[in-house]
Amino acid sequence: MIARVTSTVENIAIDCANAYRLALFWSEVTGQPPHPEAQPGDPETQVMLPGGPALYFNEVPEPKSVKNRLHLCLRPDTSREAEVERLLGLGATLVDDRREPDGRGWVVLADPEGNEFCVLRAEEERATVPG
């Protein structure tokens with residue numbers, strides 16, 4: 001029998017212009033603190049997520065130029081609408097509204113550096129309208 005070799009996802013790397021500032025934004029989004037040694041001006045830092053990979057922010061010289069091929073999907077603890085409003089208040093911008101009249105769908109937002117992410121329905125909302 002051949003031994004199975006696997007890999008573990010250690011982090012999700014996010015290229016950015018200002019690692020510390022973007023880590024602070026995602027810290028507010030997730031409710032998790034930035035790395036305890038993170039300082040303004042650090043070219044890289046992270047936000048540790050409980051039970052999952054870290055969000056790793058790495059400064060790069062080039063700006064974001066196209067749509068993300070990989071993105072985060074967030075399932076809020078509160079309603080999707082309340083979370084979208086909260087995230088917009090934190091500095092996210094609306095990219096696309098994919099909400100359906102029956103309650104299904106999602107909202108595409110971008111963080112302050114233009115990285116897209118989705119806000120899904122909360123579990124409680126999914127229980128009332130499956131799918």
Side-chain angles (χ1 to χ4, degrees):
M1 180 173 212
I2 298 175
R4 183 173 172 196
V5 178
T6 62
S7 294
T8 300
V9 176
E10 178 71 18
N11 62 53
I12 299 167
I14 302 169
D15 290 349
C16 56
N18 187 315
Y20 183 77
R21 185 179 63 219
L22 202 55
L24 291 180
F25 171 82
W26 282 99
S27 173
E28 289 292 323
V29 170
T30 63
Q32 300 302 313
H35 191 279
E37 296 175 8
Q39 298 290 320
D42 286 349
E44 56 188 51
T45 192
Q46 56 189 347
V47 173
M48 302 302 292
L49 302 177
L55 298 178
Y56 175 81
F57 303 94
N58 181 51
E59 291 183 7
V60 296
E62 68 278 355
K64 181 182 178 300
S65 60
V66 296
K67 181 184 181 295
N68 300 18
R69 294 294 305 261
L70 174 75
H71 66 268
L72 302 177
C73 292
L74 307 178
R75 183 150 333 264
D77 294 332
T78 183
S79 73
R80 177 185 54 210
E81 282 63 33
E83 184 65 351
V84 166
E85 290 306 313
R86 183 181 82 87
L87 298 173
L88 291 171
L90 291 175
T93 55
L94 179 66
V95 173
D96 194 12
D97 191 335
R98 301 275 181 103
R99 290 177 277 199
E100 299 293 332
D102 68 0
R104 294 184 176 138
W106 61 92
V107 177
V108 181
L109 299 177
D111 70 19
E113 291 203 13
N115 301 300
E116 295 93 0
F117 61 96
C118 295
V119 181
L120 309 173
R121 292 181 296 157
E123 285 297 334
E124 189 174 287
E125 293 172 309
R126 292 184 70 201
T128 60
V129 180

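Remark: Arg21 CZ to Glu59 CD distance equals 9.0 Å, nearest 0.5 Å. From Ser79, atom OG reaches atom CD of Glu85 across 9.5 Å, with rounding to the nearest 0.5 Å. Distance check: Asp111 CG to His71 NE2 gives 13.0 Å after rounding to the nearest 0.5 Å. Remark: Asp42 CG to Glu44 CD distance equals 8.0 Å, nearest 0.5 Å. The line from CD of Glu62 to CG of Asp15 is 6.5 Å long, rounded to the nearest 0.5 Å.
The shortest distance between side-chain heavy atoms of Glu125 and Glu81 falls below 4.5 Å. Counting only heavy atoms from C-beta outward, the side chains of Glu113 and Asn18 approach each other to under 4.5 Å.
When hydrophobic residues (I, L, V, M, F, W, Y) are linked wherever their side-chain heavy atoms come within less than 4.5 Å, the members clustered with Tyr20 are Leu24. Grouped with Leu88 in one hydrophobic cluster are Ile12, Ile14, Leu22, Phe25, Trp26, Val29, Val47, Leu49, Leu55, Phe57, Leu72, Leu74, Val84, Leu87, Leu90, Leu94, Val107, Leu109, Phe117, Val119, the linkage being side-chain heavy-atom contacts under 4.5 Å among Ile, Leu, Val, Met, Phe, Trp and Tyr residues.
For Glu123, the side-chain contact (heavy atoms from CB on, under 4.5 Å) partners two or more places apart in sequence, or in a different chain, are Arg75, Arg126.
Counting heavy atoms of neighbouring residues, nucleotides and ligands inside a 6.0 Å radius, atom CG of Asp77 does not exceed 12 of them.
Between Glu116 and Lys64 there is a salt bridge, since at least one side-chain N of the basic residue sits less than 4.0 Å from a carboxylate O of the acidic one.
Nearest heavy-atom pair, Gly105 versus Arg121, reported as atom, atom and distance to 0.1 Å: O-CG, 4.0 Å. Between Ser27 and Pro33 the shortest heavy-atom distance is OG-CA, 3.6 Å. Annotation for Leu120 and Pro76: closest pair O-CD, 3.2 Å, computed over non-hydrogen atoms.
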